[in-house]
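A short worksheet on the structure shown next.
In each ligand, atom 1 is the first atom listed, and ligand 1 is the first ligand listed. Numbers for residues simply follow the sequence, beginning at 1.
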Amino acid sequence: MGLMTGKKGIILGVANDKSIAWGISKKLHEEGATLAFTYLNEVFEKRVRPLAESLGADLILRCDVSKDAEVEGAFLEVEQKWGHLDFLVHSIAYAGRDELRQPFVQTSREGFRVALDISAYSLIGVTKAALPLMKNGGSILTMTYLGSTRAMPNYNVMGVAKAALEATVRYLAAELGEKGIRVNAISAGPIRTLAATGISNFSEIFGIMENRSPMHRSVTTAEVGNSALYLLSDMASGVTGEVHFVDTGYNIAGL
Ligand code: NAD
């Protein structure tokens, strides 16, 4: 018996085997969870499908979170196949290339809208779609970063989106608590993933983190997976609205 035996959940945000969502998926599978996966479009499907199938998934669904119809369609399929859902992992973010390279003051209205829509609003959108399936309560987890509360070079509008995402976690948690639905975030330290390549000075941020964090190293997607397991399982049954740091302690360091 694993901690997730008998539980069914959906993972949004696997791009490849370096994705944080993939580290989380492997851990949940190890602990007995049954998983459904979504992918952004056909380009991503090619990489996501074999990974998902390697964990025995047979619900592998297209879901661009900027399109309401795709979100509704994906959750409808989950409803038809499973009838209910115990957990949801939201591991999605996007900002245009220019917004992560130009000075922050040059952020365009459209760049701001897109970043906030895909990286923050989408948590509300997918939670709304998952709600009717979480009849017996549930656990929802999203991924954030320290750039939400500290100004990080080049993180720019993504920091604003993460601030909105963390506030969204609290508002959803406050509202859904009485239904037995918990909503939490993990704030991960820098990890080399596809999304991270969009941040122009990522290597520098990564190096500084390795030097200055209390544990003098970066974190792995497996370590994020371990903490995700805790938050998604009944081990965290009394925990909601939290931003839990998995960053080898970097956020507590003064200098
Ligand atoms: P990743 O590139 O592997 O994952 C990002 C995912 O977002 C991809 O699967 C991509 O398909 C998906 N996505 C983008 N736009 C989408 C849309 N419109 N609809 C559906 N999916 C869409 O990178 P990652 O680092 O694993 O990122 C996952 C999450 O972790 C993100 O929220 C990211 O901000 C967060 N995070 C990453 C780091 C890091 O250093 N890598 C640190 C802290 C938090």
Any donor-acceptor pair under 3.5 Å from N16 side chain to S19 backbone: yes
Whether Y155 and Y145 hold their rings parallel, tilted or perpendicular, with breakpoints at 30° and 60°: perpendicular
Numbering as shown, the atoms of ligand 1 that approach G189 to under 4.0 Å (heavy-atom distance): 40 (O), 42 (C)
N or O contact, D64 vs ligand 1, cut-off under 3.5 Å: yes
pair T127-L176: side-chain heavy atoms closer than 4.5 Å: yes
Lys/Arg N to Asp/Glu carboxylate O, D98 vs R101, below 4.0 Å: no
For L40, the ligand 1 atoms whose distance to one of its heavy atoms is below 4.0 Å: 11 (O), 16 (C), 17 (C), 18 (N), 19 (N), 20 (C)
Protein contact to atom 19 (N) of ligand 1 [nearest heavy atom, distance to 0.1 Å]: V65 N, 2.9 Å
Subset of ligand 1 atoms that lie under 4.0 Å from at least one heavy atom of S19: 1 (P), 3 (O), 26 (O)
Under-4.0 Å heavy-atom contact with ligand 1, by part of M158 that carries it: neither
For G13, the ligand 1 atoms whose distance to one of its heavy atoms is below 4.0 Å: 4 (O), 6 (C), 8 (C), 9 (O)
N or O pair under 3.5 Å between F44 and ligand 1: no
N or O contact, Y155 vs ligand 1, cut-off under 3.5 Å: no
Element-labelled atoms of ligand 1 that are located less than 4.0 Å from some non-hydrogen atom of S91: 5 (C), 6 (C), 7 (O), 28 (C), 29 (C)
Where I92 and K162 come nearest, the two heavy atoms and their spacing: O-NZ, 4.5 Å
Shortest reach to atom 1 (P) of ligand 1 by a heavy atom, considering only A93, A195, A196: A195
Steps toward side chain to side chain contact (heavy atoms under 4.5 Å, CB included) verdict (I60, Y39): CA-CA 8 Å; I60 306 166; Y39 55 86; 4.0 Å; yes
cation_pi(R212, Y250) dist<6.0 Å, angle<=45: no
Charged N-O contact under 4.0 Å between R47 and D17: no
Within reach of ligand 1, part of L12 (heavy-atom separation under 4.0 Å): neither
Contact check, side chains of F44 and N41, non-hydrogen atoms, under 4.5 Å: yes
P190: numbered ligand 1 atoms lying under 4.0 Å from its heavy atoms: 40 (O)
Stepwise side chain to side chain contact (heavy atoms under 4.5 Å, CB included) test for H244 and S187: CA-CA 6 Å; H244 177 70; S187 185; over 6 Å; no
Which atom of P190 lies closest to which atom of M209, heavy atoms considered: CD-CG, 3.7 Å
Within reach of ligand 1, part of F202 (heavy-atom separation under 4.0 Å): side chain
N or O contact, I191 vs ligand 1, cut-off under 3.5 Å: yes
Salt-bridge contact R217-E223 (side-chain N to carboxylate O under 4.0 Å): yes
Minimum-distance protein heavy atom relative to atom 34 (O) of ligand 1: K162 NZ, 2.8 Å
Straight-line distance of L12 CG to C63 SG, nearest 0.5 Å: 5.5 Å
Ligand 1-proximal atoms of N16, by part, heavy-atom distance under 4.0 Å: neither
Nearest candidate to atom 21 (N) of ligand 1, where distance is taken over non-hydrogen atoms, out of I24, V14, I92: I92
For A15, the ligand 1 atoms whose distance to one of its heavy atoms is below 4.0 Å: 3 (O), 8 (C), 9 (O)
Proximity winner for atom 30 (O) of ligand 1, if only heavy atoms of R47, H90, M143 are counted: M143
Ligand 1-proximal atoms of C63, by part, heavy-atom distance under 4.0 Å: backbone
Heavy-atom nearest option to atom 24 (P) of ligand 1, drawn from T193, V219, L123, I118: T193
Protein contact to atom 26 (O) of ligand 1 [nearest heavy atom, distance to 0.1 Å]: I20 N, 2.9 Å
For H90 against I118, the heavy-atom pair lying closest together: NE2-O, 4.4 Å
Nearest-contact summary for atom 44 (C) of ligand 1 - protein heavy atom, Å: T144 O, 3.0 Å
